[in-house]
Participant: 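Before we start, here is the structure in question, set down as C-alpha cells.
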Amino acid sequence: MQEIIRRLLAELGENPAREGLIDTPKRVEKALKFLTSGYTADIDAVLNNALFTVDYNEMVIVKDIDFYSLCEHHLLPFFGRCHIAYIPQGRVIGLSKIPRIVEIFARRLQIQERMTSEIGETIKRAIDPLGVAVVLEATHLCMAMRGVEKQNSFAITSAMLGGFQNDARTRMEFLELIRRPDLQPRASQCHSTPPASSA
Ligand SMILES: [Zn+2]
C-alpha cells in the first residue's frame, strides 16, 4: 500500500521524498487500515455473551452515538450521529454493544443509506425484536469540502423495521424521543430537520 501512496503523492505533483511526506505513506496505510477495520471485525464475536433473555418489551433507545465513516465514492469522511431503538421480544443486546455495531459498519467504505440498513438488519438478526429503528445524521465532506450542493452536505437516513414501520405511533414516539432537547446534551441546529419516516 505504501508504494501506491508514494505514487499518488507524486501524481498530485508532490515530492514524496521531502521531509514532511517521507513517512506519509506509512501513516496513511496505518490510518486506512484502521478506518476500514470493520471488514475483518466479527459481529457474532462482538455480540457473543452480550445477548440476554429478559422480560421487558418496552422501547430501548441508544441515541447520539458518534460515528466516522468514509464515503465509498470519494474516500472522504462522512460523520455524525446514530440513533437506534428496538422493541425487544424476550431478548436484549448489552447496551455497550450497540455503539460497537455502529463502529463495525462505519469502519468500511460506505454510503450512508446502506450503513443505516446494515445496522438495522444486524440488530434484527441478533435478537429478532418486534421492531428496529435506525436514524443516521451525517455531514459529508465530499460535498462540503468540494463546494458542491453545500446545502445538502448534511443528510439524514432512516431504517424502520417491524413495529417502527407498521405503527406510526411507535415511530413518532421514537422520533420524538431522539429530538427532545432535554435528552440531547449535545444538540445542534442540524436536528431541526425531521428524519424521513421510512427507508
Ligand atoms: Zn462522497
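Counting convention: from 1, in listed order, for ligands and their atoms alike. Given the structure is predicted, the values throughout are model-derived calculations rather than measurements.
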Participant: Do the charged groups of E72 and R114 touch, with an N to O distance under 4.0 Å?
Facilitator: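 Salt bridge present between E72 and R114.
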
Participant: Which protein N, O or S atoms does the Zn ion (ligand 1) have within a distance shorter than 2.8 Å?
Facilitator: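 Correct list: C71 SG, H74 ND1, C142 SG.
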
Participant: Taking atom NZ of K124 and atom CG of L161, what is their separation to the nearest 0.5 Å?
Facilitator: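 Separation between the atoms: 6.0 Å.
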
Participant: Step by step, work out the side chain to side chain contact (heavy atoms under 4.5 Å, CB included) result for C82 and I119.
Facilitator: CA-CA 10 Å; C82 177; I119 293 167; 4.3 Å; yes

Participant: Would you give me the side-chain donor-acceptor pairs under 3.5 Å for residues 48-58, sequence neighbours excluded?
Facilitator:
none

Participant: Tell me every residue that passes salt bridge (charged side-chain N to carboxylate O under 4.0 Å, His left out) with K30, counting only those two or more places apart in sequence or in another chain.
Facilitator: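 Here no residue qualifies.
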
Participant: For R91, what residues pass the side-chain hydrogen bond (donor to acceptor under 3.5 Å, both in side chains) criterion, not counting sequence neighbours?
Facilitator: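 None.
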
